[in-house]
Amino acid sequence: MQGFPKSQRLLRHSDFRKVYSEGRRHFGPHMTVFYRTRKEAPSASWRVGFTVGKVLGGAVARNRIKRRLREAVRLSVQSRLGGADVVIHPKRSVLESDFSALRSEIERAFEAIERCLEKEKLTKPR
RNA sequence: CAGUCGGGCCGGACGGCCGCUCGCUACGCUUCAUCGCGCAGAGAGAGGAAAGUCCGAACUCCGCAGAGCAGUGUGCCGGAUAACGUCCGGGCGGCUGAUGUGAAGAUCAGCUGACGGAAGUGCCACAGAAAACAUACCGCCCCAGGUUGGCUUAAGACCCUUUUGCUUUGCGGAAGGGUUUUGGGUGGUUUGGGGUAAGGGUGAAAAGGUGCGGUAAGAGCGCACCGCCGUCUCAGUAAUGAGGCGGGCAGGGAAAACCCCACACGGAGCAAGACCAAAUAGGGAGGGAGCUUCGGCUUCUGCCGGGGCGCGUGCUGGCUCGGUGCGCUAAACCUUCGGGUAGGUCGCUAGAGCCAUGCAGUAAUGCGUGGCCCAGAGGAAUGGUCGUCCUGCUGGCAACAGCAGACAGAAUUCGGCUUAUAUGGUCCGGCUGCCUC
RNA sequence: GUGAGUGUAGCUCAGUUGGCAGAGCACCGGGUUGUGGCCUCGGUGGUCGAGGGUUCAAGUCCCUUCACUCACC
C-alpha cells in the first residue's frame with residue numbers, strides 16, 4: 001500500500017472508546033495494539049489510530065513517535081482486511097529503536113489481527 | 001595573538017524516491033444546482049525562543065445613572081508607542097578599574113540599581129552604659145567636707161651616735177639618725193554639689209569626618225577642608241547641577257512591615273462568540289365528525305340563531321347524585337414549533353505584516369516610496385529513507401572509517417519580558433597579558 | 001485558556017510580630033533479657049526544590065525559575 005490518507009485514520013473520541021470497550025489486545029515489545037471489527041460497516045477499509053500520552057515525553061518526542069509509527073504502518077501493512085479498527089499504544093522505545101524493527105513488528109501484529117478476525121467472521125454467521 | 005566580561009546576528013547546506021495537510025486549476029462520479037467523493041498538475045508548509053504564561057493590547061460577548069470606598073498594580077525626569085511593569089535618552093546613587101591625594105573629596109571609563117514619602121502605628125534578637133521625645137551609668141575635670149598607719153616640707157619636743165668647748169657624775173654648741181605633735185602641699189579613698197560629652201570591651205548601626213588651636217577637663221567652643229540644612233541667582237522642558245549668602249548642624253535603619261501620596265484599572269476569555277443541526281428525554285401549540293341549507297352581522301376570514309342529513313356511545317381516568325351532553329381536561333397517539341446536546345460550518349489568518357531604500361531624530365521611533373504574500377491543523381499536517389558536502393570529536397602517517405550536530409513543535413493574532421540552548425560559529429566594544437613597529 | 005496549592009531529616013509532617021531548624025517513626029550505641037521483641041537512656045542525620053534580591057540577619061519578605069498536585073470552562 002502506498003498512501004495513508006486521513007480517512008483511514010481513527011480520529012473520533014467515540015471510535016476510540018468503542019475499540020477499548022469492545023475490542024481485543026495484542027502485545028508487542030514496542031507497543032500494545034487494540035482492535036475490533038466494524039459491525040456497522042464491515043465492507044469498509046480498516047482504520048488505525050494512535051494514542052500518545054504525556055507520559056511518553058514532550059511535544060517533540062510525541063510528534064516523532066506518531067510520525068514514525070504512521071510511516072511504519074504505511075509501508076508495512078499489505079493486508080486487505082476490511083472493517084477493522086486498530087488503536088496502537090506505543091512505548092517510549094519507539095523513539096530510539098530501528099525503523100526496520102518497527103516495521104517487522106507491525107507486520108506481525110497485523111498478521112495476527114487478520115487471523116483472529118477471519119476466525120471471528122467464520123464462526124459468527126453460524 | 002591569547003584570556004576574560006558584556007552585547008548583536010546565525011540556528012548546518014544541497015539533492016533523489018515514497019508519503020501527509022492546505023488552498024488553486026483541470027477532469028471524472030453524484031446532484032436540478034451547490035456540496036461531497038476520487039484522481040492529476042504546478043505551488044506552500046514550525047521557532048528564536050513556537051516554551052513558560054509574567055505583563056500589555058487587538059478582537060468577541062456580557063455589564064454599565066453618578067460619585068466615593070475597598071482591592072490590585074505602577075512609582076527619579078523627559079521621550080517613544082495602540083498599550084505596557086517594555087524600549088530610548090538624561091539625572092542621581094552603588095560597585096569595579098584608571099588618574100590623582102598624606103587620607104578623603106575630585107575627574108574619566110565600564111557595569112549596575114523595585115530609584116516617591118520616615119508624618120503616624122509597630123519592629124530593631126544577642127551584646128552593650130545607652131537602640132531612638134536621648135540622656136541616666138562608668139570615666140574625665142572643678143569646688144566643699146570627712147578619712148588616711150603613703151610621700152614631701154616647715155616649726156617644736158624627746159632620744160641615740162660622733163665630734164668639740166667649758167666651771168667636767170654635768171651643761172652648751174655643731175653634724176647625722178630615729179620617734180612623735182601641729183600646719184601646709186601632694187596622692188589614695190569616700191560623700192555632696194557642679195561642669196562635660198573627648199573616651200567606654202559591644203554591635204549591622206551610637207547624634208557630622210580629618211587636622212590645628214583652645215580648655216580645669218572638654219565640647220563646632222574657634223578655624224581650614226569636606227559633608228549637611230535653609231535661601232537667592234544662573235543653566236536646564238524636568239529630574240538635577242553650579243555659584244553666592246546665611247546657619248555651627250536639624251538628622252538612626254527599615255516602607256521587598258502596616259501605611260501615606262500620585263497615577264492607572266468594569267468582568268470574562270477563540271472551549272470568546274455567530275450560524276446549521278441528528279438520536280433520546282423534556283417544553284409550547286394544534287388535532288380527533290362533521291357536512292349542508294336559511295336568516296342576521298361583517299370589507300374578507302368568520303361569528304350567532306333555526307332546520308335537515310350522517311357517524312358514534314369512541315381502548316382509559318377526572319370534572320356533575322345518576323343518565324344524556326358532536327362539552328372541558330389529563331394521559332397515550334399523530335402533526336408541528338422553538339431551545340439545545342453529539343456533530344458540522346464560520347471566527348482563521350493581509351497583519352500595529354515582511355524586504356529594500358530615502359528623510360527627520362542622539363536614540364527608541366516616526367513619515368514616505370517601491371516590491372512581496374509568507375503555515376492554518378483540529379486524536380491535531382510539516383515526515384520516512386538514501387546520497388553528496390559542512391562543523392566538531394575519536395582512531396589512523398595518509399586515503400578513510402565511526403560517532404555527534406543543541407534547546408525544542410505553531411493552535412485566535414500581535415508588542416514585550418523571562419527561561420532553555422552544541423567543549424557551536426561569527427561580528428562589535430571594554431579590560432588584562434605577551435610579541436612587533 | 002484561567003485559577004489555586006505543595007516542596008523542610010531515609011518516611012510522615014510542625015515551624016509568624018524575620019534572630020535556636022524541630023516532633024514522631026526509622027537508623028546507630030548502651031541498659032534490661034538465657035536470646036530476640038517490647039520498654040528505657042543517649043546519639044547521628046538538613047545545599048529548608050533552585051537562583052537572585054531586600055535586610056545587620058531569610059525556612060519566613062520580594063522577584064525569577066523547576067517539579068508535582070488539584071479545580072473550572
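Keep in mind that this is a model prediction, so the values were computed, not measured.
Atom CZ of A:Phe4 is separated from atom C1' of B:G383 by 13 Å (rounded to the nearest Å).
Of the candidate nucleotides B:U382, B:G378, B:A46, B:U382 has the atom lying nearest to any side-chain atom of A:Arg70. Residue A:Phe16 has its side chain nearest to B:G379 when only B:C20, B:A46, B:G379 are considered. The A:Asn63 side chain lies nearest to B:A46 when the options are B:G379, B:U385, B:A46. Closest contact between the side chain of A:Phe99 and the listed nucleotides B:G383, B:G384, B:A410 involves B:G384. Closest to the A:Ala59 side chain, of the nucleotides B:G379, B:A410, B:G383, is B:A410. Listed nucleotides B:U385, B:G379, B:G383 differ in distance to A:Tyr20; the shortest reach to its side chain belongs to B:G379. Distances were taken from every side-chain heavy atom of A:Arg74 (C-beta onward) to each of B:C18, B:A410, B:A46; the shortest belongs to B:C18.
Nucleotides B:A216 and B:U153 are separated by 26 Å at their C1' atoms, to the nearest Å. For the C1' atoms, the distance linking B:G116 with B:G93 amounts to 15 Å, nearest Å. The P atoms of B:G340 and B:A278 are separated by 12 Å, rounded to the nearest whole Å. Comparing C:G22 with C:U44, their P atoms are spaced 11 Å from each other, to the whole Å. Remark: the separation of the C1' atoms in B:G251 and B:G208 is 10 Å, to the nearest Å. Between B:G52 and B:C95, the two C1' atoms lie 33 Å apart (nearest whole Å). Straight-line distance between the C1' atoms of B:A219 and B:A207: roughly 14 Å, to the nearest whole Å. A gap of 11 Å separates the P atoms of B:U413 and C:G1, to the nearest Å.
The shortest distance between side-chain heavy atoms of A:Arg24 and A:Arg36 does not fall below 4.5 Å. Two residues are said to be in side-chain contact when any heavy atoms from C-beta on lie closer than 4.5 Å; A:Met31 and A:Leu69 meet this criterion. The shortest distance between side-chain heavy atoms of A:His30 and A:Pro90 does not fall below 4.5 Å.
C:C11 is paired with C:G24 under the Watson-Crick or G-U wobble criterion, all donor-acceptor distances under 3.5 Å. With a cut-off of 3.5 Å on both pairing distances, the Watson-Crick or G-U wobble partner of B:C249 is B:G227. Figure legend. B:G213 is base-paired to B:C221; pairs are counted as Watson-Crick or G-U wobble with both atom distances under 3.5 Å. A 3.5 Å limit on both hydrogen-bonding distances identifies no Watson-Crick or G-U partner for B:A33. Using the Watson-Crick or G-U wobble rule with both distances under 3.5 Å, C:U35 pairs with nothing in any strand shown. Judged by Watson-Crick or G-U wobble contacts below 3.5 Å, the nucleotide B:G156 has B:U180 as its partner. Across the strands present, B:C9 finds its partner in B:G425; the criterion is a Watson-Crick or G-U wobble pair with both atom distances under 3.5 angstrom. Base pairing analysis places B:G314 opposite nothing; no Watson-Crick or G-U wobble pair with both distances below 3.5 Å involves it.
Checked against the 6.0 Å centroid criterion, the rings of A:His26 and A:Tyr35 do not qualify as a close aromatic pair. A ring-centre distance under 6.0 Å is not found for A:His89 and A:Phe27.
In this entry the base of B:C321 is anti relative to its sugar, with a glycosidic angle more than 90° from 0. In C:G5 the base sits anti relative to the sugar, since the glycosidic angle is further than 90° from 0. Applying the 90° criterion around 0 to the glycosidic angle, B:G314 comes out syn. A glycosidic torsion no more than 90° from 0 defines the syn conformation; B:A364 lies beyond that range and is anti. Taking the O4'-C1'-N9-C4 or O4'-C1'-N1-C2 dihedral as appropriate, B:U349 has a value within 90° of 0 and is therefore syn.
Between the side chain of A:Glu71 and the base of B:G19 there is no donor-acceptor pair of N/O atoms closer than 3.5 Å. Between the base of B:G384 and the side chain of A:Arg103 there is no donor-acceptor pair shorter than 3.5 Å.
For the pair A:Lys6 and B:G378, the criterion of a side-chain N or O lying under 4.0 Å from OP1 or OP2 is met. Between A:Arg64 and B:G384 there is a side-chain N or O to OP1 or OP2 distance below 4.0 Å.
Taking the six-membered ring where the residue is Trp, A:Trp46 and A:Phe4 present tilted rings, their angle falling between 30° and 60°.
In this structure, A:Phe99 CZ and A:Leu75 CG are separated by 5.5 Å, a value rounded to the nearest 0.5 Å.
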